[in-house]
2 protein chains.
Amino acid sequence: MTPRGRGAGAVTLKDVAAAAGVSVATASQALSGRGRMTPATRERVRGAAEDLGYLANALAQGLRTGRTRALGVHHERAAANLRTPYFRDFLAGAVEAAHRHDHDLVVLSSDTSRPRTTAPRVDGVVVVDPIADDLRARELMALPVPVVAGEHVPSSMPPCAVVAADHATAVRAVLDAAARQGVRHPMLVAPDENSGWGEVLRDVVGAWSAERGLTPVLVASRFGELSVDRHEELLAPVLADRPEVDLVLAASPFAAQAAMAVLRGMGRQPGRDVLVAACADEPALLAEDPPVTAVELPAYALGVACVERLVAILEDDRGPAAALGTVQTVPAPVHLRASTAGALTRAMA
Amino acid sequence: MTPRGRGAGAVTLKDVAAAAGVSVATASQALSGRGRMTPATRERVRGAAEDLGYLANALAQGLRTGRTRALGVHHERAAANLRTPYFRDFLAGAVEAAHRHDHDLVVLSSDTSRPRTTAPRVDGVVVVDPIADDLRARELMALPVPVVAGEHVPSSMPPCAVVAADHATAVRAVLDAAARQGVRHPMLVAPDENSGWGEVLRDVVGAWSAERGLTPVLVASRFGELSVDRHEELLAPVLADRPEVDLVLAASPFAAQAAMAVLRGMGRQPGRDVLVAACADEPALLAEDPPVTAVELPAYALGVACVERLVAILEDDRGPAAALGTVQTVPAPVHLRASTAGALTRAMA
DNA sequence: GTGAAAGCGCTAACAG
DNA sequence: CTGTTAGCGCTTTCAC
């Protein structure tokens, strides 16, 4: 009958009420500052709570009020991705903002092998990098709590409030720089339709190319593929097939590294015969020869912005629905490096 | 009467029960796999839950069962410290282990300006670097849930299960290396009695010195001081006062950097006239001239170990009390570098 | 096999 | 001004 375990021994409001000689209801109001009562009573209850070391049970409070003062963060394979600086920075930003607003920040378990059987005890959720085939993400987005997506939502997922890096501006800066070097045959290597980021990149490159009467080559990769080798396997045949390509714009820095290797293997010199750039930065890109132009994804700022957005939605009287389609962007610095700085020497006319 | 807000609209067990034509009690048992009933009934309930997208309310479940499947992490000024690699690595390890055991991981709000009014909804807490004057840490340690300290607990705090780096072994390796270069007058700069780490370092250096008939100079600093300048202000007078010191062992890498600067300013050449080492590593130490010997604190491994320990305590039938005094250590690699490699040229006999 | 009822700790109406 | 009452969603005896 009594719950097994850890909760046992905790001081409850009943204990405080008894000690102060009032009812639990009065005690509750005394502590929350609500209700009208003599200052004396209120002080007596406060004192009792203090003496007993009373801390309200957040579970019970949350059950009753529907508010938990906790926010959740979900990332597909959170534990594994926590090895990447991107998610770490993001999380650091999210924690900073959550704590500033006096909320706990819950890193939701993301063992995707089994579906959650339980709705997380949070007031809202940030889904970092929503991926269409991430079942957990879908579950969370179906929850009756507001959701903010950290990055664009693939079109096959339900809409929600979005906070994303300003890829369009950043990628256009890269493309313009490449154009100045005479690029005519851009290739985009980007995650497939499971990723909203991939969709955005295709849109931007598509629009930019159309404005110039160019036709980009589009190659689909898998989101979250961190292996350079795998990307080489993907790119070797397509690059062999398309010798006219004079710019490889890769979403992933690992794909960019792979492109460098493959091109070199084909006897083409990156930065001269062909330009290379990435839509996400990584220290390794600086160590390449030549160093690879890249967009810096502002992970920390995104973490902050996502949580700020979530808090704003929670406090919005119009209700969470008002936020559904909205997109907010965070600037993404562009680092132009030697891989896009050399005038193209056109090997083949 | 109905709680305002976010919870509204959620599918409850009542809805599932109604859809399946059973009572909530039966529905509960059907889903949890407990209780005896016809497979047909169980399937019907499962199906209804599936169709409605039912997720159990973790708050209610937790209130009833006393288990939330969530673990908390507390760090003084968590948000600020999340800028340091140490806490990031620690957190990454903690998340990995927590998720492996199917628990959410809550980064507890650590706005220390106001005390928590609410007990966090977690089954147990990891307190990273417990500091004696951290009120939040004390609050958490008074909670009726098990607590694991990530690093030694200062003697003025209540005891709990401890998981710490093996400072003793590591520091002794550094001291032995220094002794081989002829060190006779070691100085230890370590956090004051607010920090269990500081206490351990003083104990180790004290014991080691006693074994050799040496008397170490002990300087107390403030835990968490990340500024090199502040450390310089602290060290300049003491080092001027104690020209005989031939080894500065600093707990913090920033104190080690400060020592390097101060010594150089005094015309003493670190690595030759005087040795320098740190009890925590930092990239900047590699860039010093000469590079500074340091102990690498295994943050990620500590994060994993703390959570593993917490889970073990939660599953231990003997109850959490059994774990109270225990200390578990994680190896801390030592990086011997040039700052302790040169034979001391004794400027003064 | 299944349902009714109690209660985890708390808050919000409504009486008194 | 304060106490009584009801109920948040769930689990768990205990009758039927």
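Lettering of chains follows the sequences in order, A, B, ..., and the numbering in each one begins at 1. Any value given below was found using the heavy atoms of this structure, including those in side chains, with hydrogens, waters and symmetry copies removed.
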Calculate the interatomic distance between [X] atom [atom1] and [N] atom [atom2]; express it in whole Å.
X	N	atom1	atom2	result
A:K14	C:dC8	NZ	C1'	10 Å
A:R69	C:dC10	CZ	P	18 Å
A:L63	C:dT11	CG	C1'	11 Å
A:L55	C:dC10	CG	P	10 Å
A:R121	D:dC10	CZ	P	13 Å
A:L13	C:dG7	CG	P	18 Å
A:L52	C:dG9	CG	P	15 Å
A:R64	D:dC10	CZ	P	15 Å

Determine: side-chain N/O of [X] to OP1/OP2 of [N], distance under 4.0 Å, yes or no.
X	N	value
A:S28	C:dC10	no
B:Q61	D:dT11	yes
B:R34	D:dT12	yes

Set of residues satisfying side-chain contact (heavy atoms from CB on, under 4.5 Å) with respect to [X], sequence neighbours excluded:
X	answer
B:A323	B:A161, B:R309, B:I313, B:T326
B:S23	B:A25, B:T26
A:A80	A:R77

Taking every non-hydrogen atom, the tightest pair across A:L82 and B:L91: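 For A:L82 versus B:L91, the nearest heavy atoms are CD2-O, 4.2 Å.
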
Nearest non-hydrogen partners of A:R46 and A:A30, listed with the distance: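 Between these two residues, the closest heavy atoms are NH2-O, 3.7 Å.
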
Sequence-distant partners of B:H75, ring-ring contact (aromatic ring centres under 6.0 Å, His included), two or more places apart: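 If we apply the ring-ring contact (aromatic ring centres under 6.0 Å, His included) test to B:H75, skipping adjacent residues, the hits are B:F87.
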
Contacts table for residues 53-63 of chain A: side-chain donor-acceptor under 3.5 angstrom, sequence neighbours left out:
residue	atom	partner	partner atom	Å
A:N57	OD1	A:L59	N	2.7
A:N57	OD1	A:A60	N	3.1

Closest to the A:Y54 side chain, choosing from D:dG9, C:dC10, C:dT11: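 Of the options given, the side chain of A:Y54 lies nearest C:dC10.
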
Please list each protein N or O that sits under 3.5 Å from an N or O in nucleotides 1-4 of chain C, with the distance.
residue	atom	partner	partner atom	Å
C:dT2	OP1	B:T41	OG1	2.9
C:dT2	OP2	B:T38	N	3.3
C:dT2	OP2	B:T41	OG1	3.0
C:dG3	OP2	B:S23	N	3.0
C:dG3	OP2	B:T26	OG1	3.0

